Amino acid sequence: MTPHVGALTDAFDWYARGWRLFLLQPLMWVGLTLLFLVMALVINLVPLIGGLAFALCLPAFAAGFLHAADQAHRGNPILPMHLFKAFQVRENLNALLMLGLIPLAASLAGAILIALLLGGARGIGAITQSVEAAVGALVGGGLLLPLLSIGFFVLVVAALIYAIPLVWFHQASAKDALMGSLDASVRNILPLALFTAIYVVLSFIAAIPVGLGFLVLIPVVSGATYASYRQLWSDLVSDDGDD
């Protein structure tokens, strides 16, 4: 599985394609997104294990959105059951649940680094008995933490953006899908960096009207991701039949 290399401006084209897919069936897309958000709320309300369960299931839900985008691309109607499509295919589901461990591992690593940074600042203050030294260390950590957060976010995006469609559409193993996604991300670092930057800007805009913009942004990003997958992995893509 060798991905193609796209141009920087392809990122704009992917979002344009995602927007066009959304416009084909906007009400169904919004309904699918509402269903997803309700499911996310319900699962996260479960004490102790809710957040963990949702994180593990997130790639499977993402596969459902990609499946819906694929159906829209083929001219088929989007149905609510598409959100749960990945949960019905055991072979794919197992690999998708494995992918769900990636953001959990990144979150755990981030928490450990934060604890080490904050603990190190306190230690410096205790050893030197200097408020200035402790404050300086905390400020340094404060500058480093956003960079670490961005780094983990980029790593998770690079690992999962194509791993999910490779598992769902091509039954790749979790390991092969991750390696393929990372390979594609490295080869296409510029268009994917722009793609991610556009998403960050759009997410801020979507959050302004009490978060209602995400009812549109989530489907559009799903369609844009699907469009980029079709372009970069065109050797694997076929329009014959339904996936």
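Just so you know, these numbers come straight off a predicted model, no measurement behind them.
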Checklist entry - Just wondering, more than 12 heavy atoms not from L101 lying within 6.0 Å of its CG? => result yes
Item to check | Enclosure of L45 CG (heavy-atom neighbours >12, cutoff 6.0 Å) | outcome: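 Above 12, so yes.
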Could you check if a side-chain atom of [X] sits within less than 4.5 angstrom of a side-chain atom of [Y], using non-hydrogen atoms only?
X: F84; Y: L35; result: yes
X: R230; Y: R17; result: no
X: L32; Y: P219; result: no
X: I198; Y: F12; result: yes
X: F204; Y: I208; result: no
X: W233; Y: S228; result: no
X: L202; Y: V220; result: no

Least distance between heavy atoms, [X] atom then [Y] atom:
X: A86; Y: A60; answer: CB-O, 3.5 Å
X: S173; Y: V167; answer: O-CG2, 4.2 Å
X: M28; Y: I78; answer: CE-O, 2.9 Å
X: P77; Y: Q71; answer: O-CB, 4.3 Å

Are the side chain of [X] and the backbone N or O of [Y] linked by a donor-acceptor pair below 3.5 Å?
X: Q25; Y: L79; value: no
X: N94; Y: E91; value: no
X: S181; Y: A177; value: no
X: N188; Y: H4; value: yes
X: S222; Y: L66; value: no
X: W14; Y: Q231; value: no

So, taking the atom named [atom1] in [X] and the one named [atom2] in [Y], what distance separates them when rounded to the nearest 0.5 Å?
X: L37; Y: T33; atom1: CG; atom2: OG1; result: 6.5 Å
X: L232; Y: T2; atom1: CG; atom2: OG1; result: 12.5 Å
X: L58; Y: I164; atom1: CG; atom2: CD1; result: 7.0 Å
X: F61; Y: I218; atom1: CZ; atom2: CD1; result: 12.0 Å
X: F87; Y: L97; atom1: CZ; atom2: CG; result: 7.0 Å
X: L182; Y: L160; atom1: CG; atom2: CG; result: 9.0 Å

Item to check | Mutual orientation of the aromatic rings belonging to F169 and Y229 [parallel < 30°, tilted 30-60°, perpendicular > 60°] | outcome: parallel
Checklist entry - How far apart are the C-alpha atoms of L192 and Y162, what are their side-chain angles, what is the distance that settles it, and do they pass the side-chain contact (heavy atoms from CB on, under 4.5 Å) test? => result CA-CA 11 Å; L192 286 178; Y162 299 119; 3.5 Å; yes
Next on the checklist: Let's go through F195 and T225 carefully: what are the C-alpha distance in whole Å and the side-chain angles of both, what is the deciding distance for side-chain contact (heavy atoms from CB on, under 4.5 Å) to 0.1 Å, and is it a yes or a no?
Outcome noted: CA-CA 9 Å; F195 184 89; T225 302; 3.8 Å; yes
Checklist entry - Aromatic ring centroids of Y199 and Y15 under 6.0 Å? => result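 Ring-ring flag for Y199/Y15: false, centres at least 6.0 Å apart.
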Checklist entry - Knowing that exactly one of Q171, H170, K85 qualifies, which makes a side-chain contact (heavy atoms from CB on, under 4.5 Å) with N92? => result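 Of the listed residues Q171, H170, K85, the side-chain contact (heavy atoms from CB on, under 4.5 Å) partner of N92 is Q171.
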Tell me whether [X] shares a hydrophobic cluster with [Y], the cluster being built from Ile, Leu, Val, Met, Phe, Trp, Tyr side chains joined at under 4.5 Å.
X: V46; Y: L52; result: no
X: V157; Y: M179; result: no
X: F22; Y: L24; result: yes
X: W29; Y: L27; result: no
X: V5; Y: I161; result: no

Checklist entry - Would V89 and W168 satisfy side-chain contact (heavy atoms from CB on, under 4.5 Å), going step by step from the backbone distance to the final call? => result CA-CA 9 Å; V89 184; W168 177 244; 3.9 Å; yes
